[in-house]
Amino acid sequence: MRAVLALTVACVVLVACSAASGASASSTSLRIAFWEDGTATKPDAVWTLRCRPAGGTLSRPARACQKLAAGGSSLFAPISPKVVCTEIYGGPQRARVTGLLDGRRIWATFSRSNGCHIARWARVSPWLLPPGGIT
């Protein structure tokens, strides 16, 4: 029984250590899709971003990587359904960001449909998403 317990503890420690070392070497690789009118099935533009080293098709990837490092995954957190938002229309634009952020999966959609969504868009604009607005 003690041998099984010792083996189990050793496995847990090994998994924890490998996860910690994986986190330090984790990567950021994102795909940003943008719809100008918000209705098309195919995005109007698609950009990529990689960090460590900074690269991809997004303009100014080094700046975007710095902002992502400072803001982390909270930049992509969804809006709580309990939040009251102003009913201000900010434009038809939509965007989707998918990929890895510091080794963690990201799948976030952005719109400008009300005040909360406009503020969320503004947190990642203009360094990740275009400014947006009614055109």
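All residue numbers in this chain count up from 1 along the given sequence.
- Annotation for Leu30 and Ile106: closest pair CD2-CB, 4.4 Å, computed over non-hydrogen atoms.
- For the pair Trp127 and Leu75, the tightest heavy-atom approach, listed with the atom from each and the gap, is CH2-CD1, 3.7 Å.
- The backbone N or O of Glu36 sits less than 3.5 Å from a side-chain atom of Asp44, completing a donor-acceptor pair.
- The backbone N or O of Asp102 lies less than 3.5 Å from no partner atom in the side chain of Arg52, so there is not a single donor-acceptor pair.
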Self-check item: Derivation and outcome, side chain to side chain contact (heavy atoms under 4.5 Å, CB included), residues Cys65 and Leu49
Solution: CA-CA 8 Å; Cys65 289; Leu49 174 66; 3.9 Å; yes
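- When all heavy atoms of Tyr89 and Ile118 are compared, the pair lying nearest together is C-CD1, 4.2 Å.
- At a threshold of 4.5 Å between non-hydrogen side-chain atoms, the residues Trp47 and Pro61 do not count as touching.
- With sequence neighbours left out, the side chain to side chain donor-acceptor pair (under 3.5 Å) criterion links Thr39 to Asp37.
- Put simply, the side chain of Arg120 gets close to the backbone of Phe76: a donor and an acceptor are under 3.5 Å apart.
- The minimum heavy-atom distance linking Thr57 with Val46 is given by the pair OG1-O, 4.1 Å.
- Considering every non-hydrogen atom in both Ser74 and Gly71, the closest pair reads OG-O, 2.7 Å.
- Taking every heavy atom of both residues into account, Ser125 and Leu129 meet most closely at OG-O, 3.2 Å.
- No side-chain N or O of Ser29 forms a donor-acceptor pair with one of Ser27 less than 3.5 Å apart.
- Ring geometry for Phe110 against Trp121 counts as perpendicular: the plane angle is over 60°, on a 0 to 90° scale with 30° as the lower cut.
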Practice problem: Take Lys67 and Leu128, measure what side chain to side chain contact (heavy atoms under 4.5 Å, CB included) needs, and give me the verdict at the end. | Solution: CA-CA 9 Å; Lys67 296 277 192 175; Leu128 190 64; over 6 Å; no
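- Checked options Arg96, Gln93, Arg94; the residue passing with Phe34 is Gln93 (criterion: side chain to side chain contact (heavy atoms under 4.5 Å, CB included)).
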